[in-house]
Amino acid sequence: MKNTSRRQFMGALAAGVAAPAILRSTRAYAQSPTIRVGFVTPSTGPLAGFAEADDYILEGLRAHFAGGVTNNGKSYNIEIIKKDSQSNPNRAAEVAAELILSDEVDIITAAATPDTTNPVADQAEINEIPCITTDAPWQPYFFGRGGNPAEGFAYTYHFFWGLEDVIANFTGLWNGSGVAKKVGGLFPNDADGNAWGDAKLGLPPALAAQGFELTDPGRYQPLSDDFSNYISAFKDAGCEIVTGVMIPPDFGTFWAQAAQQGFNPKVATIGKALLFPSAIEALGDRGIGLTSEIWWSPNHPFSSSLTGTSAGDLAGGYSTATGRPWTQPIGFKHALFEVVADVIARAEDLDDADAIAAAIGGTNISTIVGGVNWSNGPVPNVSKTPLVSGQWQKAGDGVELVITNNAHAPEIPVGGELQLLG
């Protein structure tokens, strides 16, 4: 690529490591040129639920890409190199630097909360490597990286929903529940928590505008072992709703202590922690009735631009192959590489990082999670996907996530009605 030397020099400064400036001048002349795609994901650690289906998705993608992707009449192999962030933002930055400087990837991707997407995107921007990320609300991704809506970023692009969408879905659930509009907020001291709890851009002003009273005792440290102060504050305020954005271990601790201390809200709607069947099953009977945002499900009416596979078939294929329930990130991991393949097919010059970045910015495709089109905003480098919400309800011997509110994405069908806790 034309700017490889500068990228490696800057990357060495950013990562704190020295790396030789190795040019890839031979690739364009190889008989079977290969585009290398880096993928950073939390395979281990407290965010590992987001990566549970990675191997299944990557196996299917590698099989599909075995025939290559055609660009300007020439076939290119696609090599996907996966790195584990260990659910740690510092480690995510380190492995992103490895992918850029040692593996010399042409495109880097990442998914699963701002703890993964932001450090990877920052490394990509510094090193002038095209980057596509997903699975994090766009505000903590964009503003958490110091994004300026008047300028945007040069190399880094993201697709997902935003806080305005999760707020609309959460309040949509609550407004129809008939419970008191008194809400307890649980926001950790991390990129997600600070964005969701932000006094100007997060939940507080939006809830106030709809007549909800929010009790926010302040930020807690992730992996906290004591939520007693929060529970006491919620009880004193008469909160009948609890909300926030938590990792599964933190919600498990809070929910157990809430039961021990006699705090029994009628609705509990928590972002991130309640996405996965394994997290709900770990809570036992107290997992039934919890509510959450729903990014993707087998009932979403979308299909893959790569394979034609429907959302239902992709989810069902995963369950058949693994014996495990489907999870929401399945669709977005697949869609991430739908975008990658589309970009590789359209880029004017695959030896030029700027041309690849321009192709990302020009994306307009229908994926298995909905449309991805960066020309639509809401800020530069961000494309929004549809969001609904619902509840974990009893289904036979297990639980299932049922869509109960689709007011802001009516193309996605509702599957049941909200039931109050207890």
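Please read these numbers as outputs of a predicted model, since none were measured by experiment.
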Student: Out of W296, Y141, F332, which residue meets the ring pair (Phe, Tyr, Trp, His ring centres under 6.0 Å) rule with F160?
Tutor: F332
Student: Between E213 and K181 (salt bridge meaning N to carboxylate O under 4.0 Å), is one present in this structure?
Tutor: no
Student: Verify the distance criterion only: is there a donor paired with an acceptor across the side chains of E293 and S389 at less than 3.5 Å?
Tutor: no
Student: Using the rule given for side chain to side chain donor-acceptor pair (under 3.5 Å), can you reason through E125 versus T156, listing the C-alpha separation, both sets of side-chain angles and the distance that settles it, and then say yes or no?
Tutor: CA-CA 6 Å; E125 191 74 17; T156 49; 2.9 Å; yes
Student: Would you please say whether a donor-acceptor pair under 3.5 Å links the side chains of T171 and Q210?
Tutor: yes
Student: L99 versus F39: any side-chain heavy-atom pair under 4.5 Å?
Tutor: no
Student: Do side-chain atoms of W374 reach the backbone of H158 as a donor and acceptor pair under 3.5 angstrom?
Tutor: yes
Student: Can you measure from OG (S383) to CZ (F159) and round to the nearest 0.5 angstrom?
Tutor: 8.0 Å
Student: Treating S87 as the side-chain partner and L47 as the backbone partner, does any N or O pair qualify as donor plus acceptor under 3.5 Å?
Tutor: yes
Student: Looking at Q261, I want to see if its CD is surrounded by more than 12 non-hydrogen atoms of other residues, nucleotides or ligands under 6.0 Å.
Tutor: yes
Student: Are the charged groups of R36 and E79 less than 4.0 angstrom apart, N to O?
Tutor: yes
Student: Taking the six-membered ring of F263, is NZ or CZ of K235 closer than 6.0 Å to its centre and within 45° of its axis?
Tutor: no
Student: Classify the angle between the aromatic ring planes of Y230 and Y220 as parallel (below 30°), tilted (30 to 60°) or perpendicular (above 60°).
Tutor: perpendicular
Student: With distance as the sole test, does N406 use its side chain to make a donor-acceptor pair with the main-chain N or O of I412 at under 3.5 Å?
Tutor: yes
Student: Go through Q391 and T404 one step at a time and tell me if the side chain to side chain donor-acceptor pair (under 3.5 Å) criterion holds.
Tutor: CA-CA 7 Å; Q391 183 173 46; T404 62; 5.8 Å; no
Student: Between CZ of F302 and OG1 of T385, what distance do you get to the nearest 0.5 Å?
Tutor: 9.0 Å
Student: Can we say D84 and R91 salt-bridge, meaning some charged N sits less than 4.0 Å from an Asp/Glu carboxylate O?
Tutor: no
Student: Under 3.5 Å, side chain of T41 to main-chain N/O of S43, donor-acceptor pair present?
Tutor: no
Student: Hey, is R324 close enough to E52 for a salt bridge, meaning N to O under 4.0 Å?
Tutor: yes
Student: Show your reasoning for whether side chain to side chain contact (heavy atoms under 4.5 Å, CB included) applies to R219 and N194.
Tutor: CA-CA 8 Å; R219 305 296 161 262; N194 291 326; 3.5 Å; yes
Student: Is the backbone of L223 close enough, under 3.5 Å, to the side chain of D250 for a donor and an acceptor to pair up by distance?
Tutor: yes
Student: Can you find a side-chain donor-acceptor pair between S304 and H334 that sits under 3.5 Å?
Tutor: yes
Student: Any heavy-atom pair between the side chains of T243 and L203 that's under 4.5 Å?
Tutor: yes
Student: Nearest 0.5 angstrom please: E164 CD to H408 NE2, how far?
Tutor: 10.5 Å
Student: Counting only heavy atoms from other residues, nucleotides and ligands, does the tally under 6.0 Å from CD of E348 exceed 12?
Tutor: no
Student: Kindly indicate, with the supporting measurements, whether the criterion side chain to side chain contact (heavy atoms under 4.5 Å, CB included) is fulfilled by R286 and N264.
Tutor: CA-CA 10 Å; R286 279 181 59 80; N264 298 295; 3.9 Å; yes
Student: Given R145 and T117, is the side chain to side chain donor-acceptor pair (under 3.5 Å) satisfied, shown in steps?
Tutor: CA-CA 10 Å; R145 298 179 53 222; T117 60; over 6 Å; no
Student: Taking T44's backbone N and O only, do any of them form a donor-acceptor pair with Q86's side chain (distance below 3.5 Å, no angle check)?
Tutor: no
Student: Hey, can you pull the donor-acceptor pairs under 3.5 Å for the side chains in residues 267-281, sequence neighbours left out?
Tutor:
residue	atom	partner	partner atom	Å
T269	OG1	W174	NE1	2.9
T269	OG1	T291	OG1	2.6
K272	NZ	D192	OD2	2.9

Student: Check the surroundings of atom CG in D285: do more than 12 heavy atoms from other residues, nucleotides or ligands lie under 6.0 Å from it?
Tutor: no
